[in-house]
Amino acid sequence: MEQVTESRRKPIVVGIGELLWDMLPSGKKAGGAPINFVYHASCLGAEGYAISAVGDDELGKEIVDELDKNHIQHLIEKVPYPTGTVQVELREGIPTYTIHERVAWDHISPTSDAIDLAEKADAICFGTLAQRSRQSRETIQAISSFAPKDAYRLLDINLRQRYYDKELIEESLYLANVLKVNDEEFNVLRDLFGLNGTEREVALWFIEKYDLRIFALTAGSSHSTIYTREETSTLPTPEVTVADTVGAGDAFSGALIISLLKGKSLSEAHHFAVKTAAFVCTKEGAWPVYEE
């Protein structure tokens, strides 16, 4: 799906997985990687939808209110588990996460409405973290499998703590056609899959092995590179005054995909993704307000 037709002005972008509060030193901020992706894509012109679960508690009510306030449509179940929270510690703006278990987003259920939504998506985003529980794993894989084959099916791999293994990553790769990793995750994948060679060779191996359209690598303050079978685009990371880097990778992904859906070239989309991620780094939390 290279470009959204003129008859439908806004592409439909779906994120399925963890919806949670990032408990930052300055207070709580809404987050969760697939929903962060939707937030940024929505701010940049998509019709965004979140699929997740919250508890029947005050934190759950507040985070659904945040979705509504930010014009993110949603299929959010209330389940008998607490709304997810993540303790975030910052060192020079770089976050470390303590992710609490047995929370609502571990219990996402497949619904007919979610499947109907996936079937009409122009892009769908999922990761490995919300697949740590069997229930959400089965749900995410089932719903994602209904996305059109020509939609962007983005695996933002989001490796956290011990919540992944090679089997889960492979299952997810077979559902995806876009893989986004950071530099640490790139090295984990290289080791897990027993790969040698250059960054480019590893990226092209994944593209060929799993029939990916795009392999996107963000390397923190250094650079980012986007690989396809035909093209490579590498850009330096802009120097900015960093408030924190929470959600910057998700902003990169959201900006990249919405740009491609609007018909931009890979190079144009990459430039816009880098600019958007840099902007997010200058703000606290994953959902900064975009200037008009």
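These figures come from a predicted structure and were not determined experimentally.
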Exercise for the section: Examine distances only and state if a side-chain atom of E201 and a backbone atom of T198 form a donor-acceptor pair shorter than 3.5 Å. Expected result: yes
Exercise for the section: Check whether any side-chain heavy atom of S253 sits under 4.5 Å from a side-chain heavy atom of D156, and report yes or no. Expected result: yes
Practice task
Ignoring hydrogens and angles, tell me if any N or O in the side chain of D122 forms a donor-acceptor pair with the backbone of P11 under 3.5 Å.
Solution key: no
Practice task
Starting from the C-alpha separation in whole Å, work towards a yes-or-no answer on side-chain contact (heavy atoms from CB on, under 4.5 Å) for F272 and L256.
Solution key: CA-CA 7 Å; F272 187 59; L256 177 72; over 6 Å; no
Practice task
Flag the pair Y49 / H74 as yes when at least one side-chain heavy-atom distance between them is below 4.5 Å, and no otherwise.
Solution key: no
Handout entry: Shortest non-hydrogen contact between G127 and L155, atoms and distance
Key = CA-CD1, 3.9 Å
Exercise for the section: Cation-pi check, R200 to Y227: give yes when NZ or CZ is under 6.0 Å from the six-membered ring centre and within 45° of the ring axis, no otherwise. Expected result: no
Handout entry: Connected via hydrophobic side-chain network under 4.5 Å: M23 and Y81
Key = no
Handout entry: H270-S224 side chain donor-acceptor pair, cut-off 3.5 Å
Key = yes
Exercise for the section: Give a yes or no on whether V79 and L19 share a hydrophobic cluster (residues Ile, Leu, Val, Met, Phe, Trp, Tyr; joining criterion: side-chain heavy atoms under 4.5 Å apart). Expected result: no
Practice task
Find out whether I226 and T232 are in side-chain contact, i.e. whether some heavy atom of one side chain is under 4.5 Å from a heavy atom of the other.
Solution key: no
Exercise for the section: Using atom types as modelled and distance alone, determine if a side-chain donor or acceptor of T237 lies under 3.5 Å from a backbone N or O of G220. Expected result: yes
Exercise for the section: Give the minimum heavy-atom separation between A41 and V13, together with the two atoms involved. Expected result: CB-CG1, 4.0 Å
Practice task
Output yes when a side-chain donor or acceptor of R153 lies under 3.5 Å from a complementary backbone atom of K149, and no otherwise.
Solution key: yes
Exercise for the section: Answer yes if the ring centres of Y290 and H40 are under 6.0 angstrom apart, and no otherwise. Expected result: yes
Problem - Distance in Å, L204 CG paired with K209 NZ, rounded so as to fall on 0.5 Å steps - result: 15.5 Å
Problem - Geometric cation-pi criterion, K166 with F193: 6.0 Å, 45° - result: yes
Fill in the blank from the handout: Nearest heavy-atom approach of G55 to A104 is N-CB, 3.5 Å
Practice task
Ignoring hydrogens and angles, tell me if any N or O in the side chain of S42 forms a donor-acceptor pair with the backbone of E47 under 3.5 Å.
Solution key: no
Problem - Nearest atoms (heavy-atom pairs only) where L212 meets V178 - result: CD2-N, 4.2 Å
Problem - Separation of I108 CD1 from E138 CD (nearest 0.5 Å) - result: 12.5 Å
Exercise for the section: Could you check if a side-chain atom of T276 sits within less than 4.5 angstrom of a side-chain atom of F252, using non-hydrogen atoms only? Expected result: no
Practice task
Determine whether the side chains of T83 and D57 contain a donor N or O and an acceptor N or O closer than 3.5 Å.
Solution key: yes
Practice task
Using distance alone, with no hydrogens and no angle criterion, decide if R213 and Y152 have a side-chain donor and acceptor under 3.5 Å apart.
Solution key: yes
Practice task
Under the salt bridge (Lys or Arg N to Asp or Glu O under 4.0 Å) rule, what do D106 and R102 come out as? Steps first, then yes or no, please.
Solution key: CA-CA 6 Å; D106 288 316; R102 294 180 290 279; over 6 Å; no
Exercise for the section: Taking S52 for its side chain and G17 for its backbone only, find out whether a donor-acceptor pair lies under 3.5 Å. Expected result: yes
Practice task
Locate the shortest heavy-atom distance separating A118 from I124; write the atom from each residue and the value.
Solution key: CB-CD1, 4.3 Å
Practice task
Please check if any side-chain donor atom of S109 sits under 3.5 Å from a side-chain acceptor atom of Q135, or the reverse.
Solution key: yes
Problem - Verify same cluster id: V274, F37 (apolar side-chain graph, 4.5 Å) - result: yes
Handout entry: Check: S133 main-chain N/O paired with S136 side-chain donor or acceptor under 3.5 Å
Key = no
Problem - Gap separating the CD1 atom of I51 from the CG atom of D113, nearest 0.5 angstrom - result: 9.5 Å
Handout entry: Modelled atom types, side-chain donor and acceptor of N158 and E18, under 3.5 Å
Key = yes
Exercise for the section: With the side chain counted from C-beta on, respond yes when D183 and T218 share a heavy-atom pair under 4.5 Å apart, and no when they do not. Expected result: no
Problem - Rounded distance (nearest 0.5 Å) linking atom CG of L179 with atom CD of E185 - result: 9.0 Å
Exercise for the section: Treat each ILVMFWY residue as a node, draw an edge where side-chain heavy atoms are under 4.5 Å apart, and state whether W21 and V38 are in one component. Expected result: yes
Handout entry: Whether Y39 side chain and P288 backbone form a donor-acceptor pair below 3.5 Å
Key = yes
Handout entry: Side-chain heavy-atom pair V86, H100 within 4.5 angstrom cut-off
Key = no
Problem - 4.5 Å side-chain heavy-atom contact, V188 and E184 - result: no
Fill in the blank from the handout: d(I16 CD1, L75 CG) to nearest 0.5 Å is 9.5 Å
Exercise for the section: Let me see the working for L59 and V54 under side-chain contact (heavy atoms from CB on, under 4.5 Å), right down to the final yes or no. Expected result: CA-CA 8 Å; L59 287 178; V54 298; over 6 Å; no
Problem - Step-by-step side-chain contact (heavy atoms from CB on, under 4.5 Å) determination, S172 to Q131 - result: CA-CA 10 Å; S172 300; Q131 297 186 68; 3.1 Å; yes
Handout entry: Modelled atom types, side-chain donor and acceptor of S144 and Q141, under 3.5 Å
Key = no
Exercise for the section: Please round to the nearest 0.5 Å and tell me the distance separating atom CD1 of I140 and atom CH2 of W105. Expected result: 8.5 Å
Completion exercise
When every non-hydrogen atom of A151 is compared with those of A123, the smallest separation belongs to CB-N, 4.3 Å
Problem - Side chains of R229 and F215 in contact at under 4.5 Å (non-hydrogen atoms) - result: no
Exercise for the section: Examine the side chains of N70 and W287 and answer whether a donor and an acceptor come within less than 3.5 Å of each other. Expected result: no
Problem - Neighbour count above 12 (heavy atom, 6.0 Å) for H107 NE2 - result: yes
Problem - D191 atom CG, neighbour heavy-atom count above 12 within 6.0 Å - result: yes
Exercise for the section: Go through the side-chain N and O atoms of E170 and Y210 and say whether any donor and acceptor fall under 3.5 Å apart. Expected result: yes
Practice task
Give the C-alpha distance, both sets of side-chain angles, the deciding distance and a yes or no for side-chain contact (heavy atoms from CB on, under 4.5 Å) between E231 and T228.
Solution key: CA-CA 5 Å; E231 294 181 74; T228 71; 3.6 Å; yes
Exercise for the section: Would you check if there is a donor-acceptor pair between the side chains of Y163 and E101 at a distance under 3.5 Å? Expected result: yes
